[in-house]
Amino acid sequence: MENASKALLIAGAVLIVIVLISIGMMIVQQSQGIGDQVAEISGNQATTSFNSTFTKYQGSQKGSSIKTLLEEVSTNNATALKTSQHIVSVTIEDKVGNSSINATTDSKTLTQIAATIVTSARYDVVMDEKDEEGYINSIVITRNSK
């Protein structure tokens, strides 16, 4: 009888160890999932932060705001060339003069374009194009005829 009770105690201890190991494995698997979620969230925050620099100018804007937008794109692109980050191209369309400037990413050209913007005019800004990571990579600015 004594051996049987010892055998039951050992069997119970083995079962408890198996349960504890199973719980430990579940915790490790869940924590790995949390790590992946944290990495995804931080990536989303980086994308949102980058895009918010430009999306605040989306829609109808005064020329003075367009100049500021072009300065921000110029600064971004100058930095991006040095750090291999995200470059934004800008296309300018003028409904009044029926002219346009094809997509450009060059900081000097963007600064020159900013100097030609009429501060009292209204412009429409569209940012529909994004790269595979969700970063804005193209901005179209159209001068309104009004």
Side-chain angles (χ1 to χ4, degrees), residues 7-146:
L8 285 174
L9 286 174
I10 292 172
V14 169
L15 284 174
I16 291 172
V17 168
I18 290 172
V19 168
L20 290 175
I21 290 173
S22 298
I23 290 171
M25 289 177 64
M26 283 179 22
I27 290 171
V28 167
Q29 287 176 344
Q30 288 177 347
S31 67
Q32 287 176 345
I34 290 171
D36 294 342
Q37 288 174 348
V38 167
E40 183 179 333
I41 288 170
S42 67
N44 289 343
Q45 286 176 337
T47 303
T48 302
S49 175
F50 176 86
N51 289 347
S52 69
T53 303
F54 308 111
T55 55
K56 61 187 173 188
Y57 298 102
Q58 196 157 5
S60 181
Q61 299 290 330
K62 289 182 181 179
S64 56
S65 294
I66 298 303
K67 286 186 175 200
T68 306
L69 168 62
L70 291 172
E71 289 170 12
E72 291 200 33
V73 172
S74 177
T75 301
N76 173 75
N77 290 354
T79 304
L81 287 173
K82 296 175 187 172
T83 61
S84 298
Q85 295 296 314
H86 305 282
I87 293 178
V88 179
S89 71
V90 176
T91 302
I92 308 283
E93 297 174 352
D94 188 348
K95 289 183 178 177
V96 176
N98 294 325
S99 64
S100 67
I101 297 172
N102 292 334
T104 184
T105 58
D106 181 58
S107 295
K108 290 180 183 179
T109 304
L110 290 170
T111 302
Q112 292 169 350
I113 293 169
T116 66
I117 296 294
V118 179
T119 55
S120 60
R122 298 293 295 181
Y123 295 83
D124 287 325
V125 180
V126 178
M127 303 173 198
D128 288 340
E129 288 189 40
K130 295 182 180 178
D131 65 14
E132 64 278 350
E133 296 173 10
Y135 290 90
I136 290 172
N137 63 3
S138 177
I139 298 173
V140 178
I141 302 170
T142 307
R143 183 176 174 186
N144 290 331
S145 56
K146 296 178 183 178

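- The backbone N or O of S107 sits less than 3.5 Å from a side-chain atom of T111, completing a donor-acceptor pair.
- Remark: the H86 side chain and the D131 side chain contain an N/O donor-acceptor pair separated by less than 3.5 Å.
- Listed here is the closest heavy atom pair of G134 and T47: O-CG2, 3.3 Å.
- A distance of 9.0 Å separates OH of Y135 from OG1 of T48, quoted to the nearest 0.5 Å.
- Looking at residues two or more places apart in sequence or on another chain, you find no side chain to side chain donor-acceptor pair (under 3.5 Å) involving T55.
- Looking only at side-chain heavy atoms (C-beta outward), N76 and T53 stay at 4.5 Å or farther from each other.
- Heavy atoms only, all atoms of each residue included: K67 and A114 are closest at CE-O, 3.1 Å.
- Under the 3.5 Å distance criterion, the side-chain polar atoms of N51 are matched with a main-chain donor or acceptor of I136.
- The OG1 atom of T116 sits 7.5 Å away from atom CD1 of I92, with the distance rounded to the nearest 0.5 Å.
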Go through the steps for I139 and T91 under the test side chain to side chain contact (heavy atoms under 4.5 Å, CB included), then give the verdict.
CA-CA 6 Å; I139 298 173; T91 302; over 6 Å; no
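- Residues L110 and N77 are in side-chain contact: their nearest non-hydrogen atoms beyond the backbone lie under 4.5 Å apart.
- Closest non-hydrogen pair, S60 versus N144, comes out as OG-ND2, 4.3 Å.
- Y123 and G63 get closest at one heavy-atom pair: CE1-CA, 3.7 Å.
- Interatomic distance, S74 OG to K108 NZ, rounded to the nearest 0.5 Å: 10.5 Å.
- Going from atom OG of S65 over to atom NZ of K56 covers 10.0 Å, rounded to the nearest 0.5 Å.
- You'll find the side chain of I27 reaches within 4.5 Å of the side chain of I23, heavy atoms only.
- Counting only residues at least two apart or on different chains, no salt bridge (Lys or Arg N to Asp or Glu O under 4.0 Å) pair has a member in residues 13-24.
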Test side chain to side chain contact (heavy atoms under 4.5 Å, CB included) on V88 and T105; report intermediate values, then the result.
CA-CA 6 Å; V88 179; T105 58; over 6 Å; no
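- Under the rule for a side chain to side chain donor-acceptor pair (under 3.5 Å), the partners of E72 that lie at least two apart in sequence or sit in another chain are Y57.
- In this structure, the side chain of S49 does not engage the main chain of Q45 through any donor-acceptor pair within 3.5 Å.
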Trace of the side chain to side chain contact (heavy atoms under 4.5 Å, CB included) decision for L69 with I141
CA-CA 10 Å; L69 168 62; I141 302 170; 4.0 Å; yes
Are I66 and V125 close enough, and set up right, to give a side chain to side chain contact (heavy atoms under 4.5 Å, CB included), and what steps lead you there?
CA-CA 8 Å; I66 298 303; V125 180; 3.4 Å; yes
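- The shortest distance between side-chain heavy atoms of R143 and E93 does not fall below 4.5 Å.
- In terms of modelled atom types and a separation under 3.5 Å, the side chain of T83 and the main chain of T79 share a donor-acceptor contact.
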